[in-house]
Amino acid sequence: MSSRSVRLLLLLACAGAACSLPEGPEPLTFSGSALGTEGTLVRSQLARFEERHPGVRVELRVTPDAADQRHQLYVQWLNARVRHPDVLQLDVIWTAEFAAAGWIMSLDDALPDVGDFLPAALAAAQWNGGLYAAPWFVDVGLLYWRTDLLPEAPRSLPELGDAARHAVSTGAVPFGLVWQGARYEGLVTVFLEHLGAFGGRILAPDGRVTVDEPAAVRALTFMRDALGPRGFVPPSALTWQEEQVRFAFQNGDAMFMRNWPYAWTLLADSARSRVAGRYSIAPFPSAAGGEITAALGGAQLAVNAHSANPSLARDLVAFLTAPEQMLERARFVSQLPARQSLYEAPALADALPLPLDQVRAALAAARPRPVTPVYSELSEILQVHLHRALSGQETPATALRDAAAEIRMLLARSGLAAPGTAP
Ligand code: GLC
């Protein structure tokens, strides 16, 4: 049947009723980060997709950049079973939750070269043996350091502390180290890196909750002391997210900064940054008894389970996660590709402004946050108690004891507790 006869039939069916005809095909909607250069990049990639699919329009839905706020918005939309956005940018920690809730579609057989995705990113995109998202870019926590103040990156956390204290006491910089200490998801990633550095874990491989063990208490105590009177992290960091941390480092106020790869390109812009050409990166160092640990973050693309155009939505996901688009993202916004083959190809060294050897070292130390459908609740518990310990309202031991007890209860309530460990 021609589209004219379809229109005619619709007109007849509508006769007398209060309905109107759509103006052309409904656009595909994409929701994700669209600030600054990242926005320019996304828009140009979406435009390229439209060129390759004549007649298709893709609309960008801008969402808040802060992880927790975007999560809240998505939960509202998807819970209400709305058809838009068709394609969603998910934080790696949400895929299990959204898949278990039935909010995103299976992508099994929808993507070419699934085996090429980095294993840790792929694991976070799977739920119950199925694939529910496509890894888009990976984030790893990095230590940024000032090359004009220090000849080389610290090799251990105590060495970092000494160098940071020294820099503050000589007046070279007002702050030694800056990190994300606000009560939100970023704080959990900073803690995870300290935790691994001291040999601890949130959950053991068998699922037991181990976040109250001695190594974890040592890690949180180190963070709290770093904020204290003889410390080197400014107390204002307790309200800072990624961007406030970047501003402090970019203004030349800190010797070290813990942040994600995206900061590299912005710090290099000498029109805005006072440290352009005077910084480098290294993996966040470890302490005795622990190992170098980089929180694994990043974004994945998923298709709304109620999308009216699932096949086109899947095509958009495949397009945006293809090597060409990933390389372009590495070049313009210094975000790391999620495909293994790109790390073996010379094109990445040319495209990525960050030193590739340090990126590889951080990726080798990358550790995911627990992959569970109740991750958001688990994280919320940690955020509350970590923040109380850091702001001096609870001791690190009490904070972690209470957090662990609440997490055990959460897992038991959700039927996800490790066998024999229900509280
Ligand atoms: C970055 C990471 C993400 C993490 C968030 C925390 O966006 O990619 O995984 O949850 O920061 O603030």
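Order of appearance sets the numbers: ligands from 1, and atoms from 1 within every ligand. On a predicted model such as this, the values are computed, not experimentally measured, just so you know. Positions are given from 1 along the sequence.
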Min N/O separation E242 to ligand 1 under 3.5 Å: yes
Closest non-hydrogen atom pair, A134 against L107: N-CD1, 3.9 Å
Identity and separation of the nearest protein heavy atom to atom 8 (O) of ligand 1: D139 OD2, 2.5 Å
Result of checking W127, F98, Y132, W77 against W103 for ring pair (Phe, Tyr, Trp, His ring centres under 6.0 Å): F98
Ring geometry between Y74 and W94 (parallel below 30°, tilted from 30 to 60°, perpendicular above 60°): perpendicular
Residue among R61, E26, H306 satisfying side-chain hydrogen bond (donor to acceptor under 3.5 Å, both in side chains) with H84: E26
From Y262, W260, W94 - option closest to atom 1 (C) of ligand 1 by heavy atom: W260
With heavy-atom distances below 4.0 Å as the criterion, list the atoms of ligand 1 near [X].
{"X": "D91", "result": "3 (C), 4 (C), 5 (C), 9 (O), 10 (O)"}
{"X": "G297", "result": "8 (O), 9 (O)"}
{"X": "G298", "result": "2 (C), 3 (C), 8 (O), 9 (O)"}
{"X": "G186", "result": "6 (C), 12 (O)"}

Ring-ring centroid check Y279 W264, cutoff 6.0 Å: yes
Residue portion contacting ligand 1 (non-hydrogen atoms closer than 4.0 Å) for R369: side chain
Q180, portion touching ligand 1 at heavy-atom distance under 4.0 Å: neither
R367 vs E193, salt bridge (Lys or Arg N to Asp or Glu O under 4.0 Å): CA-CA, chis, key distance, verdict: CA-CA 9 Å; R367 187 180 290 180; E193 284 158 12; over 6 Å; no
Salt-bridge contact R339-D116 (side-chain N to carboxylate O under 4.0 Å): yes
